[in-house]
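Throughout, residue positions are numbered sequentially from 1 according to the sequence presented.
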Amino acid sequence: MSDAYPRPEPTEQRTPEAIPLGTAPRPADAADLVARVRVALAEALGGRAVGLERAAVDAVLDGADVASADIDLTGVVVSADGAPGPGQAGGAADAAKQWRPEVVRREPGTLRRLRVDAHRLVAVDLPIDITAEVEGLRFDWVEDSDGRVGIQPVEPSEAHPVAGHARVAVDKAGLVATARGLLTVVLLQQGITLTALDVDLVSRGPRAAALRVDAAIKKGMFLSARVQATASVSVDENMVLAVRDVQLASGNPIVAALLGTIRGRVQAATSRDIDLAEQLPDGVRLADVRLDVGQELVVSARLA
């Protein structure tokens, strides 16, 4: 691995976390790289994934560059938490995420094309269909003083932009069921029981939707009420996300009064638009975002 390195050292604040890939030197062939990527995936998921051994991983090496990498996670099930997998120490995932190599050598490389598919992946009991492809991802092969090697992503820049597209689809009924389960747990921590939840999301165009939530809650033996919330969500041609027309209501006067105390804070929080393009690093330009609602909720995006 060459010591010569033309790129300036990134500042600590902007340096992405390095990913360990075993013992140096770096992988010399695709089979070695694929084996190491499988281990890195298992460590990153921290034993929370079932079926990861069936994931299809393929790669083509071209010197220091990775000409292509394809990862298919179809059939993998990821839980919210879980015990470490066989042969994996409890803190393996944390150790991987916290790797801070004392770099003695680095070599620039480019992942020319990365594709990730999952038809479908189950995450927290929710089946998700994913297709994503990105081109032009730069990284460094880094060698630690302890003899380990890994990769450290390099943020895109105006001079080195990335391109690509992504599509994520979830079943709307499944999404509501997952939201109900998560909300039930959160409310129980406050002594509130969620007895019913109905969520409706209706498309209002290629980048807009109307949201309606109707929930029934109970606290103790004497307080039960229904709570309604409505809002509209849109993304304009400049990729600015806006939440508007937020309304909170309840037929129970006590709950209605409580909602009144937080209504101003909710409206203040949602009145601030989010510039999606501005949130991205230099060199990542969001060209389009679409939201399609039917039996599935489909979000798709394209990078310029």
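Crowding of Gln295 atom CD: a count of heavy atoms from other residues, nucleotides or ligands under 6.0 Å not exceeding 12.
Residues Leu197 and Ala179 share a closest heavy-atom pair of CD2-C, 4.3 Å. Pairing each heavy atom of Ile151 with each of Pro153, the nearest pair is O-CD, 3.9 Å. Between Gly51 and Val76, the shortest heavy-atom contact is O-CG2, 3.7 Å. Between Pro108 and Ala64, the shortest heavy-atom contact is O-CB, 3.6 Å. When all heavy atoms of Ser250 and Ala225 are compared, the closest pair comes out as OG-CB, 4.0 Å. Considering all non-hydrogen atoms of both residues, Pro27 and Leu61 come closest at O-CD1, 3.7 Å.
Applying the side chain to side chain donor-acceptor pair (under 3.5 Å) test to residues at least two apart or on different chains, the pairs with a partner in residues 29-40 are Asp32-Arg36. Applying the side chain to side chain donor-acceptor pair (under 3.5 Å) test to residues at least two apart or on different chains, the pairs with a partner in residues 205-214 are Asp198-Arg212, Arg207-Asp288, Asp214-Arg226, Asp214-Gln228. Sorted by first then second residue, the salt bridge (charged side-chain N to carboxylate O under 4.0 Å, His left out) pairs that include residues 118-128, not counting sequence neighbours, are Arg120-Glu296. Sorted by first and then second residue, the side chain to side chain donor-acceptor pair (under 3.5 Å) pairs with a member in residues 168-189 form an empty list; sequence neighbours excluded.
The closest side-chain heavy-atom distance from Arg167 to Arg290 is not below 4.5 Å. Contact annotation: the side chain of Asp245 never approaches that of Thr230 to less than 4.5 Å [non-hydrogen atoms, C-beta and beyond]. The closest side-chain heavy-atom distance from Phe139 to Leu111 is below 4.5 Å. The side-chain heavy atoms of Leu241 and Val233, taken from C-beta on, include a pair separated by under 4.5 Å. Residues Val235 and Leu291 fail the side-chain proximity criterion, which asks for heavy atoms closer than 4.5 Å. The closest side-chain heavy-atom distance from Val149 to Thr23 is not below 4.5 Å. In this structure, Val60 and Asp62 have side chains that are not in contact, with every pair of non-hydrogen atoms separated by 4.5 Å or more. Taking the side chain as every heavy atom from C-beta outward, Leu188 and Thr193 approach each other to under 4.5 Å.
Hydrophobic cluster membership of Leu258, counting Ile, Leu, Val, Met, Phe, Trp and Tyr whose side-chain heavy atoms lie under 4.5 Å apart directly or via other members: none, as it forms a cluster of its own. Other cluster members for Phe222: Met221, joined by side-chain heavy-atom distances under 4.5 Å among Ile, Leu, Val, Met, Phe, Trp and Tyr.
Under the salt bridge (Lys or Arg N to Asp or Glu O under 4.0 Å) criterion, Asp236 pairs with no residue at all, not counting sequence neighbours. Checked against side-chain hydrogen bond (donor to acceptor under 3.5 Å, both in side chains), His165 has no partners two or more places apart in sequence or in another chain. Scanning for side-chain hydrogen bond (donor to acceptor under 3.5 Å, both in side chains) contacts around Thr74 gives Asp72, with sequence neighbours left out. When the side-chain hydrogen bond (donor to acceptor under 3.5 Å, both in side chains) test is applied to Asp146, the partners found at least two apart in sequence or on another chain are Arg148. Here Glu158 pairs with Arg285 under the salt bridge (Lys or Arg N to Asp or Glu O under 4.0 Å) rule; sequence neighbours left out. With sequence neighbours left out, Arg115 forms a side-chain hydrogen bond (donor to acceptor under 3.5 Å, both in side chains) with Asp117, Glu133.
The hydrophobic cluster containing Leu45 does not contain Val39, counting ILVMFWY residues as joined when their side-chain heavy atoms lie under 4.5 angstrom apart, directly or transitively. In the hydrophobic clustering of this structure, Val240 does not group with Leu276; members are Ile, Leu, Val, Met, Phe, Trp, Tyr whose side-chain heavy atoms approach within less than 4.5 Å, directly or through other members. Transitive grouping of hydrophobic side chains (ILVMFWY, heavy atoms separated by less than 4.5 Å) keeps Val293 and Val202 in distinct clusters. Linking Ile, Leu, Val, Met, Phe, Trp and Tyr whenever their side-chain heavy atoms come within less than 4.5 Å puts Leu183 and Leu248 in one cluster. In terms of hydrophobic clustering, with Ile, Leu, Val, Met, Phe, Trp and Tyr side chains grouped at heavy-atom distances under 4.5 Å, Val134 and Val284 are assigned to a common cluster.
In terms of modelled atom types and a separation under 3.5 Å, the side chain of Thr195 and the main chain of Ala216 share a donor-acceptor contact. Although no hydrogens or angles enter the test, the distance criterion places a donor-acceptor pair under 3.5 Å between the side chain of Asp65 and the main chain of Thr110. A distance-only check finds no donor-acceptor pair linking the side chain of Trp141 to the backbone of Gly109 [under 3.5 Å].
Partner of Leu297 under the side-chain contact (heavy atoms from CB on, under 4.5 Å) criterion, chosen from Val168, Leu201, Val176: Leu201. Between Leu73 and the options Ile130, Val78, Leu52, a side-chain contact (heavy atoms from CB on, under 4.5 Å) holds for only Leu52.
Going from atom CZ of Arg138 over to atom CG of Asp140 covers 8.0 Å, rounded to the nearest 0.5 Å.
Ion pairing between Arg244 and Asp273 holds under the 4.0 Å rule for side-chain N and carboxylate O. One finds no salt bridge joining Glu143 and Arg26 here, because no Lys/Arg side-chain nitrogen approaches an Asp/Glu carboxylate oxygen to under 4.0 Å.
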Exercise. Between Val142 and Val104, does a side chain to side chain contact (heavy atoms under 4.5 Å, CB included) hold up when you go through it step by step?
Worked result: CA-CA 8 Å; Val142 292; Val104 294; over 6 Å; no

For this session: Please test Asp70 against Val57 for side chain to side chain contact (heavy atoms under 4.5 Å, CB included), starting from the C-alpha separation and ending with a verdict.
Result: CA-CA 6 Å; Asp70 296 88; Val57 181; over 6 Å; no

Exercise. Between Ile128 and Val122, does a side chain to side chain contact (heavy atoms under 4.5 Å, CB included) hold up when you go through it step by step?
Worked result: CA-CA 6 Å; Ile128 304 175; Val122 178; over 6 Å; no

